[in-house]
Amino acid sequence: MKKSIILLGIILLASIMPTFAQDDISPERKQAIDSLALEKVRDLSRYISIIGNKETPWSEANRVIDRATELFMPGSKMAVSTLHSSTVQYHEVREYFNRLMRLNYDRVEIEWYNIEYVSDLVRQPDGTYVGVITIFQRFQAYDIEQGLVYQDVTKKDITVYVKRKETQIGGRLIGFWDVLLGDIRVKETTKQ
Amino acid sequence: MKKQENVFVLNHKLRKALNMAAILALAVFMSGSLTSCNGSKKMAKKELENRVEVAKQRLTAILDSETISIEDMEHELNEIKSWNFDTPKVRKLQPQIDEVKELMKQVDQKIGKVKKQQIEEVKIRLYGLLNNKTMGADDLERELNEIKALNIKDSEVNKLIKQVEDRIKELREDGGIIATNADMDAYFNQVVALAKTGNVETTNMKIKDILKFFTSPDAPLLIIVYKDNDIVDYDKPTTIGTYLNYLKDQKTNNNTTHSIERDNYGKIKLVELLKNK
């Protein structure tokens, strides 16, 4: 009886071993995932700059809005702050991009910098890796007559979700890391 | 009167002597000329013998050789033909001359056979060039020039050469072809370079041009982000159309082409990129 229990234990252990093995990814592989997630945030930064740019043709801006929206998990929200108000407003990301495109200035410059992890990607029980990336956004708005009329620097936190998925392409099974951005929260807004 | 008789006797003797000398000289001359005629005949025969022997050797060498070019064969044969074995009739050498003529006939046949073979080979090469969907205009032209240098006179070969020339022209008008991974990277970098100028219209035109090489703008594009033996991790799969616009938007290319898959018509149906470290 005792032997049977031990044997059963060994069988059970053997059956769950592959699961542990899958979770145990090498530092190099983890590094590649970290870099991929950071790259998605940099991509978003560039998209925001294009959408906000008044010289971007309308059709291009709309195409870029589609691409930028695809980076987010459905229902994700973007926090918006100004120096004029202490309240932070939240908009669905597509709505935020549409508002950004229509901002009532003659020229808008948006730049993201110091993009880095504040919380490393950590594997959750469901296999999703979750981390937080922080960015600094410099926003500058210009009027054709008055020049620079508004500027601020906002520190924002972006939650990042990375999950391994599989798909069939050209008869091949492709394993890929699906990186999706979650809510973007405002940490602080300063004049400079 | 006695003196006159003496002069007459002297003259008669001199004339006789002179006649004798003339006859002797003629005889000497005749005998000499007969000897020289016999010698030149012998020399001609000897020379013919030599030529027959040389011709046999050279013709046999041509027939035995598997590497001799058509030009060399033709050159050798024409030279041997110019020796004209028909003119001097030397009955004794006739069998050898006939042998040479037979060898010449065989060499003629060999030239014809090799030419036919060469035409077939060139046709295969030309069909290969026409069906090759990956070669660029420059490579096609280089191959074609090699074929043209063979100077083959054949109507079908000429027709195929013309078709390859038309294809080269078409390719040049289309702005080239994506033949290698490096070509693909070059096109991606062109999009980035144009995007950096800020001219959206020109960049979009370039993207449209590049898309001609693909089965459709929806042809899958995969980016390998990590690879270690059997473990291969990709970024989320995208399409070539989306990726070209991505390059335009981001104004940077951080990937290198890893592999290209084509359909039966040479159009690219899948691209795999490798993320630069």
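By convention in this document, chain letters (A, B, ...) are assigned in the order of the sequence lines, proteins followed by strands, and residues within each chain are numbered from 1.
At a threshold of 4.5 Å between non-hydrogen side-chain atoms, the residues A:Arg63 and B:Asp249 count as touching. Residues A:Arg67 and B:Asn245 are not in side-chain contact: their nearest non-hydrogen atoms beyond the backbone lie 4.5 Å or more apart. Counting heavy atoms from C-beta on, the side chains of A:Trp177 and B:Lys236 never come closer than 4.5 Å. No side-chain heavy atom of B:Gln250 sits under 4.5 Å from any side-chain heavy atom of A:Glu39.
Proximity to chain A (any heavy atom under 4.5 Å) is shown, for B:Lys227, by neither the backbone nor the side chain. Heavy atoms of B:Asp228 lying under 4.5 Å from chain A are absent altogether. Heavy atoms closer than 4.5 Å to chain B are found nowhere in A:Thr56, neither backbone nor side chain. Neither the backbone nor the side chain of A:Leu173 comes within contact range of chain B; no heavy atom of the residue lies under 4.5 Å from a heavy atom of that chain. Contacts of B:Leu222 with chain A are made by side-chain atoms alone, with heavy-atom separations under 4.5 Å and no backbone atom involved. Only the side chain of B:Val200 comes within less than 4.5 Å of a heavy atom of chain A; its backbone N, CA, C and O stay farther away. For A:Lys165, no part lies near chain B; criterion is any non-hydrogen pair under 4.5 Å. Residue contact with chain A, scored on non-hydrogen atoms closer than 4.5 Å, is absent for B:Lys269. The contact between B:Thr242 and chain A is made entirely by side chain atoms (from C-beta outward), counting heavy-atom distances below 4.5 Å. No part of B:Ile223 comes within reach of chain A, as not one of its non-hydrogen atoms sits under 4.5 angstrom from that chain.
The most heavy-atom pairs under 4.5 Å with chain A, out of B:Leu270, B:Asp235, B:Thr252, B:Val225, come from B:Asp235. When the candidates A:Val179, A:Ile50, A:Leu36 are compared by the number of heavy-atom contacts under 4.5 Å with chain B, A:Leu36 comes out ahead.
Between B:Glu272 and A:Arg172, at least one side-chain nitrogen of the basic residue sits less than 4.0 Å from a carboxylate oxygen of the acidic one, meeting the salt-bridge criterion.
Distance OG1/A:Thr167 to OH/B:Tyr234: 12.0 Å, rounded to 0.5 Å.
With hydrogens and angles ignored, the 3.5 Å screen pairs no side-chain donor or acceptor of A:Arg29 with any backbone N or O of B:Tyr226.
Taking 4.5 Å as the heavy-atom cut-off, none of the residues of residues 133-151 of chain A approach chain B.
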